[in-house]
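Every number for a ligand or one of its atoms is a count from 1 in the order of the listing. What you see is a predicted model; the values in this text were computed from it and never measured.
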Amino acid sequence: MSLSSLFLGAASWKVPQACCKQLSTYVTKMRYLFELKEDDEICRKAQSSGRFYLFHSLAPLLQKSGNRYQVLPFRASELERILAKFGQDAQKIEHSVLIGCSDQHEAWFALDLALGNSHSSGSLQKSEMESELQGAFIDLRKALFQLNEKDASLISTAQALLRWHDCHQFCGKSGQPTQKNVAGSKRVCASSKMIYYPQMSPVVITLVSDGTRCLLARQSSFPKGMYSALSGFCDVGETVEESVRREVAEEVGLELDSLQYSASQHWSFPNSSLMIACHAAVRPGQTEIQVNLQELETAEWFSLEEVAAALKKKGPPASQQDGAIPFWLPPKMAIAHHLIQEWVQKQSSSSNLA
Ligand SMILES: NC(=O)C1=CN([C@@H]2O[C@H](COP(=O)(O)OP(=O)(O)OC[C@H]3O[C@@H](n4cnc5c(N)ncnc54)[C@H](O)[C@@H]3O)[C@@H](O)[C@H]2O)C=CC1
Ligand SMILES: [Mg+2]
């Protein structure tokens, strides 16, 4: 709804034209997903004709195909047969969470076969399950970049939701168990009446430029040789702009002159974050960095040529003769890569114009 329509007087109110129009595939799909989240009965019915993506201790079930991975969803009837084979009750399906649906309204769910198992229900052996399911449970950190973009996004969402439910089984106020709704879009405590919704932590990621160079940094936990844009969790009460300015000041001791929003991304590691990516410029002539060694291993200015050359490389380069690893950048699927690519394109087009 636009702001102006909020202030329309009652006398000028009309039935919106859109009511008479056929709704688009996208709109009907979003409305259907909303219904599944709100209505337990409709969602339970959707499970019987839906598809299930399986996990084991938060590792997704995947199939190797060349040097890529593929997802391996199962229908409810197949899943019930598999659960029975492993001595599990079909009620385990109640632990599944809604992760999306197709344009034809086939609902998709994720279920972790290992989480939430009581000792009496019998522990499911991972290797036995893998051979029965004809796939392997792969750590998402290893598999994410070898999935296609759509599946990577679906599997990350699924893992984030499954992790959130696993960590929020008790109410923080009453200490009593919480119950999920069928879709898994919330958990409720019957005792305190508290409602818990799946959480994401907002994180800002900023590519700082001085007009000709950009600033890239390394944390000691990064793979050897990899540099990325500056990042940091937003503090409570901050705007995105305040978080960006504070993080840059904290990590490299620079003050920003301007900043511009670029894009956002859901990021699963180590927990669910909403990455908010911005470009920023430092005040003219103020480029001397003072690295906060508690947060970063190092930070350096890189020229357009250096960054453009690094963007062309795929993955970590082999180490040089002296054992050093040449500098490289995060993979395509990471929003840091997108920011850096955007900066290179902008710089290249402005240097072509000059
Ligand atoms: N997708 C991408 O391209 C990139 C993603 N990232 C992600 O951004 C996140 C934040 O980046 P950092 O520079 O490490 O953040 P940071 O600079 O805020 O430092 C991390 C520290 O912040 C504190 N912290 C405050 N709030 C927190 C919260 N809600 N959860 C966890 N720790 C919190 C902890 O002490 C933690 O050790 C990381 O999880 C990282 O995986 C970082 C760079 C690129
Ligand atoms: Mg940081």
Side-chain angles (χ1 to χ4, degrees), residues 58 139-147 149 152-157 159-160 163-164 166-168 172 196-209 214-254 256 259 261-280 289-300 302 307 310-311 313-316 327-344:
L58 298 177
D139 181 351
L140 187 56
R141 273 186 192 272
K142 291 190 187 134
L144 188 70
F145 302 111
Q146 270 118 279
L147 285 165
E149 222 167 293
S153 160
L154 194 68
I155 294 298
S156 300
T157 304
Q159 194 211 42
R163 183 193 287 117
W164 181 83
D166 190 42
C167 297
H168 291 80
Y196 294 91
Y197 295 98
Q199 291 164 338
M200 290 194 288
S201 303
V203 172
V204 288
I205 175 159
T206 314
L207 188 64
V208 179
S209 170
C214 75
L215 188 60
L216 298 171
R218 268 189 59 70
Q219 293 181 22
S220 53
S221 58
F222 283 4
K224 278 194 180 127
M226 192 188 88
Y227 281 70
S228 187
L230 300 174
S231 57
F233 289 94
C234 298
D235 280 348
V236 168
E238 277 182 334
T239 62
V240 168
E241 293 82 350
E242 285 166 344
S243 300
V244 169
R245 286 177 195 279
R246 176 185 52 75
E247 276 296 331
V248 173
E250 247 177 47
E251 297 196 346
V252 292
L254 291 173
L256 294 179
L259 68 97
Y261 170 78
S262 165
S264 65
Q265 173 186 53
H266 171 249
W267 191 244
S268 306
F269 313 114
N271 273 311
S272 213
S273 295
L274 175 64
M275 306 293 305
I276 304 158
C278 296
H279 290 280
I289 49 182
Q290 281 187 5
V291 177
N292 181 342
L293 294 171
Q294 272 177 295
E295 300 216 31
L296 298 177
E297 187 181 277
T298 184
E300 289 166 55
F302 289 87
V307 178
L311 262 186
K313 293 182 205 149
K314 274 194 184 151
F327 125 85
W328 59 286
L329 297 168
K332 256 192 181 147
M333 227 175 265
I335 201 157
H337 185 102
H338 164 85
L339 267 180
I340 296 165
Q341 193 168 41
E342 232 175 23
W343 181 79
V344 165

Any protein heavy-atom neighbour for atom 35 (O) of ligand 1 (distance below 4.0 angstrom)? no

Taking N, O or S atoms only and a limit of 2.8 Å, check whether S231 reaches the Mg ion (ligand 2). yes

Is H338 near ligand 1, meaning one of its heavy atoms is under 4.0 Å from it? no

Contacting atoms of ligand 1, where contact means under 4.0 angstrom from a heavy atom of A336: 3 (O)

Just checking, is any N or O donor in the side chain of S153 or H266 under 3.5 Å from an acceptor N or O on the other one? no

For the student: nearest non-hydrogen atoms of L207 and L215, plus distance: CD1-O, 3.8 Å

When every non-hydrogen atom of Y261 is compared with those of C278, the smallest separation belongs to CA-SG, 4.0 Å

K142, NZ: over 12 other non-hydrogen atoms inside 6.0 angstrom: no

Side chain or backbone, does W267 bring an N or O within less than 3.5 Å of an N or O on ligand 1? yes

Just say parallel, tilted or perpendicular for the rings of W164 and H168, cut-offs at 30° and 60°. parallel

Would a distance-only check, ignoring hydrogens and angles, find a side-chain to backbone donor-acceptor pair under 3.5 Å from Q290 to G253? no

Does V203 reach ligand 1 with a nitrogen or oxygen that is under 3.5 Å from one of the ligand's nitrogen or oxygen atoms? no

The Mg ion (ligand 2) -> E251, closest N, O or S atom is OE2

Any protein heavy-atom neighbour for atom 28 (C) of ligand 1 (distance below 4.0 angstrom)? yes

Per-residue contact class, I205 against ligand 1 - non-hydrogen pairs under 4.0 Å: side chain

Part of M275 with heavy atoms under 4.0 Å of ligand 1, whether side chain, backbone, both or neither: side chain

Any nitrogen or oxygen of S273 lying under 3.5 Å from a nitrogen or oxygen in ligand 1? Just yes or no. no

F233 contact mode with ligand 1 (heavy-atom cut-off under 4.0 Å): both

Verify the neighbour count for atom CD of Q219: are there more than 12 heavy atoms of other residues, nucleotides or ligands below 6.0 Å? yes

Mark whether atom 44 (C) of ligand 1 lies under 4.0 angstrom from at least one protein heavy atom. yes

Ligand 1 to E247, heavy atom cutoff 4.0 Å, flagged ligand atoms 17 (O), 18 (O)

I'd like to know: is the Mg ion (ligand 2) within the 2.8 Å range of an N/O/S atom from E247, strictly under that distance? no

Within 4.0 Å of some non-hydrogen atom of Q265, the atoms of ligand 1 are 1 (N)

Numbering as shown, the atoms of ligand 1 that approach P270 to under 4.0 Å (heavy-atom distance): 39 (O)

Does E250 reach ligand 1, in the sense of a heavy atom lying below 4.0 Å from it? no

Heavy-atom contacts under 4.0 Å between A334 and ligand 1: side chain, backbone, both, or neither? both

Can you list the atoms of ligand 1 that are under 4.0 Å from a heavy atom of F269? 39 (O), 41 (O)

Hey, can you tell me if F327 and F302 have their rings parallel, tilted or perpendicular (30° and 60° cut-offs)? parallel

